[in-house]
Amino acid sequence: MDLPFELETDLERRIAADPEWRKGVEWGKARRGHPEGAVKHHIAHVLENVEREATSPEERRRLRLAALVHDTFKYRAPEGSARVGSEGHHGTYAARFLERFVEDGELVEVVRWHDEAFAAWLALARRGDRRRAEQRARALVKRLGGTLPLYLRFFRADNATEGKSPRSVAWFESVARGANPNP
């Protein structure tokens, strides 16, 4: 398999050896929000952004794992088919997959909910429903608790890729600061 990024650790190589993961990274064609096509190209961009976002070698290791799996199961859950966090959402599939490889509940939650902040922002951007958007974002902040800083760094890395809007990141960070004064 030809990957546009390097696998750095034994754990990353074990993840990448899994047939489900291999199928998932090859899935995808250029589309709105993901003009790069196959998931593996998006992962490569997110991994580049992790270099900027990580605050320590340990956090870099964790963020790399999130990047490797977060969108890999989109092939099992067609876009728009399920609400973030639900049984049919690709983030839920990815979280369950990651649980087979790590005992890191915070990281698993980041992967499970990685699209929720963006989904909350869409309520504002597409429907103009500020109250509902902020309510959903505050619920995510509460759900994440102490995991919020790691989530924010991954959210920035995931959404600083071509085809994504930086407005969703700025908006969610402002809501998170208001909902939790110490993110």
Side-chain angles (χ1 to χ4, degrees), residues 3 5-25 27 34 39-77 82-121 136-161 164 168-169 172-173 175-176 179-180 182-183:
L3 295 174
F5 53 85
E6 295 294 321
L7 298 168
E8 295 183 353
T9 66
D10 288 341
L11 178 55
E12 288 182 6
R13 285 185 278 281
R14 283 197 325 270
I15 287 170
D18 187 281
E20 283 186 277
W21 186 88
R22 294 170 78 82
K23 181 176 180 179
V25 297
W27 179 88
H34 287 283
V39 169
K40 65 184 178 183
H41 299 295
H42 175 63
I43 291 171
H45 294 270
V46 176
L47 288 170
E48 290 171 11
N49 296 336
V50 162
E51 297 302 318
R52 181 183 63 251
E53 293 298 332
T55 61
S56 69
E58 175 61 14
E59 188 172 83
R60 178 182 177 274
R61 182 191 68 75
R62 293 170 83 198
L63 291 172
R64 282 184 59 85
L65 293 173
L68 286 176
V69 303
H70 77 291
D71 278 351
T72 304
F73 294 89
K74 282 190 170 189
Y75 78 96
R76 293 183 68 192
R83 185 174 170 91
V84 178
S86 72
E87 290 303 311
H89 190 269
H90 70 273
T92 301
Y93 289 123
R96 286 204 182 114
F97 176 83
L98 185 59
E99 285 176 322
R100 294 176 23 209
F101 295 90
V102 301
E103 292 183 24
D104 184 341
E106 288 184 347
L107 186 60
V108 169
E109 288 302 289
V110 166
V111 169
R112 181 181 320 280
W113 297 102
H114 76 272
D115 276 347
E116 180 66 2
F118 181 76
W121 176 76
R136 191 169 177 178
R138 284 192 300 272
L140 175 62
V141 169
K142 184 177 180 180
R143 178 182 296 117
L144 292 170
T147 305
L148 181 62
L150 183 67
Y151 182 92
L152 285 170
R153 283 188 269 290
F154 185 72
F155 188 57
R156 285 185 213 116
D158 186 25
N159 286 277
T161 59
K164 302 277 185 103
S168 65
V169 175
F172 181 68
E173 287 179 341
V175 173
N180 179 358
N182 299 312

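- Distance check, rounded to the nearest 0.5 Å: CH2 of Trp21 to NZ of Lys40 gives 9.0 Å.
- Side-chain contact of His114 with His90: a donor-acceptor pair under 3.5 Å is present, judged by distance alone.
- In this structure, Tyr93 has no ring pair (Phe, Tyr, Trp, His ring centres under 6.0 Å) partners at least two apart in sequence or on a different chain.
- A distance of 10.5 Å separates CG of Leu47 from NE2 of His45, quoted to the nearest 0.5 Å.
- Counting all heavy atoms, side chain and backbone alike, Ser168 lies closest to Asn159 at OG-OD1, 4.1 Å.
- Between Tyr75 and Glu20, the shortest heavy-atom distance links the atoms OH-O, 3.5 Å.
- Applying the side chain to side chain contact (heavy atoms under 4.5 Å, CB included) test to Ala66 and every residue at least two apart in sequence or in another chain returns Leu107, Val111, Phe154.
- Residues satisfying the salt bridge (charged side-chain N to carboxylate O under 4.0 Å, His left out) criterion with Glu48, sequence neighbours excluded, are absent altogether.
- Nearest heavy atoms, Ala77 versus Gly88: CB-O, 2.8 Å.
- Here the side chain of Asn49 pairs a donor or acceptor atom with the backbone of Ala160 at under 3.5 angstrom.
- Note that CH2 of Trp27 is 8.5 Å distant from CG of Asp71, once rounded to the nearest 0.5 Å.
- In terms of heavy atoms, Gly146 sits closest to Pro149 at O-CD, 3.4 Å.
- Scored by the side chain to side chain contact (heavy atoms under 4.5 Å, CB included) test, Glu12 finds Leu7, Glu8, Thr9, Arg64, Leu65, Leu68 as partners (sequence neighbours excluded).
- For Glu58, the salt bridge (charged side-chain N to carboxylate O under 4.0 Å, His left out) partners two or more places apart in sequence, or in a different chain, are Arg61.
- Rounding to the nearest 0.5 angstrom, the gap separating the CG atom in Leu148 from the CZ atom in Arg143 is 12.5 Å.
- When the side chain to side chain contact (heavy atoms under 4.5 Å, CB included) test is applied to Ala17, no partner is found at least two apart in sequence or on another chain.
- Looking only at side-chain heavy atoms (C-beta outward), Thr72 and Phe97 stay at 4.5 Å or farther from each other.
- Nearest heavy-atom pair, Val175 versus Ala137, reported as atom, atom and distance to 0.1 Å: CG1-CB, 3.6 Å.
- A search for side chain to side chain donor-acceptor pair (under 3.5 Å) contacts involving Glu106 returns Arg62, not counting sequence neighbours.
- With contacts defined as side-chain heavy-atom distances shorter than 4.5 Å, the pair Phe172/Tyr151 qualifies.
- By the side chain to side chain donor-acceptor pair (under 3.5 Å) test, Arg112 is found to be paired with Glu109, residues two or more places apart in sequence or in another chain being considered.
- The salt bridge (charged side-chain N to carboxylate O under 4.0 Å, His left out) search around Arg52 returns none, not counting sequence neighbours.
- A heavy-atom distance below 4.5 Å is found between the side chains of Lys164 and Asp158.
- Every residue two or more places apart in sequence or in another chain that forms a side chain to side chain contact (heavy atoms under 4.5 Å, CB included) with Arg22 is listed here: Met1.
- Among residues two or more places apart in sequence or in another chain, the side chain to side chain donor-acceptor pair (under 3.5 Å) test is passed with Arg136 by Glu116.
- Expressed to the nearest 0.5 Å, how far CZ of Arg14 lies from CG of Leu11 amounts to 5.0 Å.
- Applying the ring pair (Phe, Tyr, Trp, His ring centres under 6.0 Å) test to Phe118 and every residue at least two apart in sequence or in another chain returns Trp121.
- A heavy-atom distance below 4.5 Å is not found between the side chains of Leu63 and Arg60.
- Side-chain contact, Asp115 with His70: no donor N or O sits under 3.5 Å from an acceptor N or O.
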